[in-house]
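Lettering of chains follows the sequences in order, A, B, ..., and the numbering in each one begins at 1. The structure displayed is predicted, hence computed values, not measured ones. Only heavy atoms go into these numbers, but all of them, side chains included; no hydrogens, no water, no symmetry mates.
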There are 2 protein chains.
Amino acid sequence: MPPQPPAPAFATDRNSGLPPVKPPPPQPTEAQLRQAIALLFFAYRDFTAGADEMLAEYGFGRAHHRVIYFVGANPGITVSELLAILKITKQSLSRVLSQLLNEGFVEQETDAKDRRRRRLTLTGKAARLERLLTGLQSRRIAAAYAAAGPDSIAGFRGILRNIINEEDRVRVADGAPVQD
Amino acid sequence: MPPQPPAPAFATDRNSGLPPVKPPPPQPTEAQLRQAIALLFFAYRDFTAGADEMLAEYGFGRAHHRVIYFVGANPGITVSELLAILKITKQSLSRVLSQLLNEGFVEQETDAKDRRRRRLTLTGKAARLERLLTGLQSRRIAAAYAAAGPDSIAGFRGILRNIINEEDRVRVADGAPVQD
DNA sequence: AAAAATACGTCAGTAATGTTGACATATATG
DNA sequence: CATATATGTCAACATTACTGACGTATTTTT
C-alpha cells in the first residue's frame, strides 16, 4: 500500500472539503467502562437470584433452568444445538438432562430424517414451570424497561447484542428462536 | 376508599379534558421479554469467558476474579462489604480470599478506628492482573458501545441499573465505587 | 461395501464454587 | 458487664463444571 499522510485526528469544517460531520463520540472513559462491568455483574446476580430460589423448591439448579428455558424456547432442539448454546461439555449437560428426562420434565423423540438426533421437548409440567420462571424474570425486565423509559430499550438490546460473540448474535435476532 | 369509576383503558384527546398526551408506550410483548432474557444469558456467557481463560493460567477462577475486581475498585473495602456485594457466604468467600492472601495478591490491614474490621487492598501483582482482566472486558464493552452507537449507551445503562435490586443501585452510580 | 465422521450416551476421576451448621476470638457498644 | 458485631475456621455436603476414555447407532464419504 502506498503510504498515506496521517489523517488529522479530528476533521473540522474548516479543514475538510467534505460535508460537515458531527464530532465523533468521545471514547468512553475507563471509569465508564468499569461502571459497565459492575452493571453487568450486579444485574446478572439479581436477575438470576429469584429463579434460583424457585428452582430450589423443585430440587433443580441453574443448569436445569437453562435447559428448560432453551428447550422451551426451541421445541425440538437437538442435544448438539443445546450444547452449542450452553457451551458446556456433553458430560455436564448429560447430568441435568438425564435428570429432567427421568423426572418427566423433558421428552426425547428420535428425528425422523436423521435417526441419530434426539429432538427435545418440554412436558406439560415443565412448560408450567418454565412459564413461572420466565414470568418472574420477564416481570423484572418489564419493570426495568418501564422505569428506564421506552427510549432505552433499543440501546439496551443493541449493546448486549454486540457484547455477544458474533457467531451467536443470530440466536438473539428480533425474529425468533434458533432452530438448528 | 370511595369507589372510583373505572378509568378508560386508554384516554384519547376526544374524551379527556386534560392536555393531549402521547400514547403510552406499548407493553413489551412476551417475545420481546424472552429476547431480553436470552440477551442477558448470552452476553454474560461471552463477557465472562475471556477472563475465565486468563484466570485459569493463574490457577484462579471466577470467584477470585470477583474479589480482585471489587477490591481493586474499592481499595480498603472490608470483608463484610465484600460479602454484601457478592452475596455469598463468608465460608465461600473465605476460601478464595485466604488463597489470595496466602499467594500475595491481597493484603489485609486492621482498621484503625474499628479494630475488628480488616481493610483489603491489592498488591502490585494483583493490580497488574486486575488491569489485564478489566482491560479485556473493557475492550469488549467499548467495542459493543462503538458498534451500537453512542445513543445506545444511556439506554443500556439505564435498564441494567433498573434490573439491579434497588438497594444496590447506589453501587453502580455514575459517581464512583462504594466505600462502606 | 468398507471406512470415516457424526450424534449421543456413559463411566470414572477431579476441581471450583456454593451451601448449612457449629463454634471461637477480638472488639465495640449499651 | 452483657450483648452485638466483624471476622475466621472446621466439617460435611451439593451443584456444576472439567478431562479422558469408550461404546453404539447412524449417516456420509470413499
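Counting only distance, with no hydrogens or angles, the side chain of B:R161 and the backbone of A:L39 share no donor-acceptor pair below 3.5 Å. Checked by atom type and distance alone, the side chain of B:T134 never pairs as donor or acceptor with a backbone atom of B:R131 at under 3.5 Å.
Within the 4.0 angstrom heavy-atom criterion, only backbone atoms of the sugar-phosphate kind lie near B:Q108; the bases stay farther away.
Nearest-nucleotide positions on DNA chain C place A:R118 closer to the 5' end than the other of A:R118 and A:R95. Place A:L93 and B:L83 on DNA chain D by their nearest nucleotides, and B:L83 ends up nearer the 5' end. Between A:K87 and A:G59, it is A:G59 whose nearest contact on DNA chain D lies nearer the 5' terminus.
By the neighbour-count criterion of 12 heavy atoms within 6.0 Å, atom CD of A:E166 is sparsely surrounded, having that number or fewer from other residues, nucleotides or ligands. Around CD of B:E53, the count of heavy atoms belonging to other residues, nucleotides or ligands within 6.0 Å does not exceed 12.
Atom C1' of nucleotide C:dA16 and atom CD1 of A:I88 are separated by 15 Å, given to the nearest angstrom. For the pair A:R117 CZ and C:dA7 P, the interatomic distance rounds to 6 Å; values are reported in whole Å. At whole-Å resolution of the value, CZ in A:R66 and P in D:dT16 are 9 Å apart. The nearest whole Å value for the distance from the CG atom in A:L97 to the C1' atom in C:dT10 is 13 Å. The interatomic distance linking B:Q91 (CD) with D:dT15 (C1') rounds to 17 Å, in whole Å. B:E81 has its CD atom 15 Å from the C1' atom of D:dT5, to the nearest Å. As rounded to whole Å, 14 Å separates atom C1' of C:dT19 from atom CD of A:E53. Atom pair A:R119:CZ and C:dC8:P shows a separation of 9 Å (rounding to whole Å applied).
Axis angle across the helix from C:dA1-D:dT30 to C:dG30-D:dC1, with five pairs used at each end and values rounded to 10°: 30°.
Contact annotation: B:R116 does not reach the phosphate of C:dA26 (side-chain N/O to OP1 or OP2, under 4.0 Å). Within the structure, every side-chain polar atom (N or O) of B:H64 is placed at least 4.0 Å from both OP1 and OP2 of C:dA16. Under 4.0 angstrom from either OP1 or OP2 of D:dT16 there lies no side-chain N or O belonging to A:S92.
Across B:N165, B:L33, B:I37, a single residue satisfies side chain to side chain contact (heavy atoms under 4.5 Å, CB included) together with A:R140, and that is B:N165. When each of B:L120, B:L82, B:L122, B:I85 is checked for a side chain to side chain contact (heavy atoms under 4.5 Å, CB included) with B:V67, only B:L82 meets the rule.
Side-chain rings of A:F41 and B:F70 approach one another, their centers coming within less than 6.0 Å.
In this structure, B:H64 and B:F60 have parallel ring planes: the angle between them is below the 30° cut-off, well short of the 60° mark.
Closest to the B:K90 side chain, of the nucleotides D:dA21, D:dT9, C:dA28, is D:dT9. The side chain of A:T78 sits closest to C:dC8 out of C:dT19, C:dC8, D:dT16. The side chain of A:T89 lies closest to D:dC18 when the candidates are C:dT19, D:dA21, D:dC18.
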